[in-house]
Structures are given as C-alpha cells and as structure tokens.
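Following: one structure in structure tokens, then a few remarks.
Ligands are counted one by one from 1 in listed order, and the atoms in each one are counted from 1 as well. The residues of the chain are indexed from 1 along the displayed sequence.
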Amino acid sequence: MSIPMLQALDIKKSFGKSEALRGLNFEVEKGEVVAVMGPSGSGKSTLLHCLAGILAPDSGQVLLSGVEIQNLNEERRSELRRTQFGFVFQFGQLLPELTALDNVSIPLLLGKVKRKDAEGRARIWLERLGLAGMEDKLPSELSGGQAQRVAIARAMVTHPQVLFADEPTGSLDSLAAENVMNMMLESVRSEGTTVIIITHDARTAAYADRDVIVRDGRISGAMMGSGK
Ligand code: ADP
Ligand code: MG
C-alpha cells in the first residue's frame, strides 16, 4: 500500500470556545484531486490550513508523505509551503503594483532562481493558463477570471506537490468559473499535482476525483463515488 500524500489523523482545533475541527480524519493520495464541500463555518478552511502546516492542530497529526508536519520546525515548514505547496484563494492574492509576469515570477525569485529563468518559466505558465499577451497587465487591468488564472500560474510555477485552493472561483460568474476550473484542472492533471479544493459549487466539485463533506468539524461522507 502506498503512503498517502497527506493525511489528517483525528485532528482537533479550537478558536476559543469555537471547536472548528472535532476529530477529523482525511487523506489524499498522490495525484488525486479532492473537492472539500460543506456549509459555511463547518471547518473547511481550518482543515486546509492544518493540512498545509499554516495552523497547528490542538491534537491529532498531519502527515505529509508519512512525516508529521508538526515535528518540523517553523523554518522547515515555511520552506515546505514555499517549495512543495501552492495556494490559491478566493481573491486579493496578487500584488497590486506588480504585473502579471512579476506576480508569477515572485515565488521563483524568492527561491533564488535567476530573473531571466524565472520570467521564462512564468511566461510558460501564463500561456498555459490562457494568458499569453497579458504579461504586462496589472491586476487592476485583469478580469476576475484572469486574475484567478494568474494566481493559479503563480501557485503552479514552482511545481508544487500539493495545490491548496480555497474557493478559487467563489467570486466569479459561472462562465469565468468554468473557464478557470478547466484550465486549472488541465494544468494539475498534466503535472500530476495533488489538489485539495474547497468549493461551494457542485459543478466545481464535479471536476474532482472525489469529494468529501465537512460538517461540524468532521468529514460527514461523500456525495459522489470516486470517479477516477
Ligand atoms: P469554513 O471554511 O468551512 O467556512 P472555517 O474553517 O473558516 O469554516 O471556520 C470554522 C469555525 O472556526 C467557524 O466557527 C469560525 O468562526 C471559526 N474560526 C475559524 N478561524 C478562526 C479564527 N482565526 N479565530 C476565531 N475563530 C475562527
Ligand atoms: Mg472557508
């Protein structure tokens, strides 16, 4: 049996009196695309933050390829987030004063890739996301769907093992959402990236191999079978 890419074992997390996660178990295999659904406030974002090592659970374990993330020091965890994880959020994630090309190049520049190489790779990713010709645009000059595709390019340019997406199409109309999902899925499938995507939208979830529902801080069962 292969070791799961990521695994949450009986994780609990409270914020004051609010129990966001109440003994949650979850796992995702390498290359699997899993949609996380469930009502607002059920714990989806908290789960994602725990899986990504941004938040530490109060109890339970999060394992990345069998290694407990909490056992790594903060420096190592932050390196992990920078080199092995990619993140896409609902909005407000692009740096407003930088062009699309610079926004996508940044993670590589932070990783000490030379500017010329970083920009070359950023151009390739912008093109893959249907954004050729938009390299010099500022975020304010992009549509919502284009901005989200730049964010996906930026998340994918470092070739992450896991892409975490928290309602990436939540602020888009349905046509733009479908376009973003199609391009995102095409890129992650071709790279073999593991994806955890939080969504409210059943159509978005339909792109996934599998979906899980979070209710009251636990996984409450799947809506559809594995479509793999
Ligand atoms: P979802 O993403 O499913 O909407 P969240 O994981 O954001 O849910 O939140 C789960 C619960 O934890 C909610 O009751 C929320 O109010 C609470 N919560 C989440 N983050 C914080 C925080 N930083 N401080 C206080 N309460 C929080
Ligand atoms: Mg949320």
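- For atom 8 (O) of ligand 1, the closest non-hydrogen atom of the protein is Gly43 N, 3.2 Å.
- Atom 9 (O) of ligand 1 has its nearest heavy-atom neighbour, among Asp216, Thr46, Ile198, in Thr46.
- Distance check on atom 16 (O) of ligand 1: every protein heavy atom falls at or beyond the 4.0 Å cut-off.
- No donor-acceptor distance shorter than 3.5 angstrom exists from the side chain of Asp211 to the backbone of Val36, with no hydrogens or angles considered.
- Between the side chain of Gln148 and the main chain of Pro168, a donor-acceptor pair closer than 3.5 Å is present.
- Scanning the protein heavy atoms around atom 3 (O) of ligand 1, the nearest turns out to be Lys44 NZ, 2.7 Å.
- Listed by number with element, the atoms of ligand 1 under 4.0 Å from a non-hydrogen atom of Pro39 are 3 (O).
- One finds no salt bridge joining Glu19 and Arg218 here, because no Lys/Arg side-chain nitrogen approaches an Asp/Glu carboxylate oxygen to under 4.0 Å.
- Looking at Arg203, its side chain never comes within 3.5 Å of a backbone N or O of Ser174 through a donor-acceptor pair.
- At the top of the distance list for atom 19 (C) of ligand 1, counting protein heavy atoms only, stands Phe15 CE1, 3.4 Å.
- Contact annotation: Thr46 places no N, O or S atom under 2.8 Å from the Mg ion (ligand 2).
- Each of Thr99, Leu101, Asn103 was evaluated against Val150; a single residue qualifies, Asn103, per the side-chain contact (heavy atoms from CB on, under 4.5 Å) test.
- Contact detail for Met184 and Leu129: the closest heavy-atom pair is N-CD1, 4.4 Å.
- Within the 4.0 Å heavy-atom cutoff, Gly16 does not count among the residues contacting ligand 1.
- Counting non-hydrogen atoms of neighbouring residues, nucleotides and ligands closer than 6.0 angstrom, the CD atom of Glu141 exceeds 12 such neighbours.
- Heavy-atom contacts from other residues, nucleotides or ligands closer than 6.0 Å to CD of Glu68 number more than 12.
- Listed by number with element, the atoms of ligand 1 under 4.0 angstrom from any heavy atom of Ser45 are 1 (P), 2 (O), 6 (O), 7 (O).
- Protein heavy atom closest to atom 12 (O) of ligand 1, with residue, atom name and distance, is Ala20 CB, 3.4 Å.
- In this structure, Ser40 counts as a contact residue of ligand 1, since one of its heavy atoms falls inside 4.0 Å of the ligand.
- Atom CD of Glu74 sits in a crowded spot, with more than 12 heavy atoms from other residues, nucleotides or ligands closer than 6.0 Å.
- For a threshold of 3.5 Å applied to N or O pairs, the pair formed by Leu47 and ligand 1 contains no separation below that value.
- Within the set Cys50, Gly41, Ser18, the minimum heavy-atom distance to atom 1 (P) of ligand 1 is found for Gly41.
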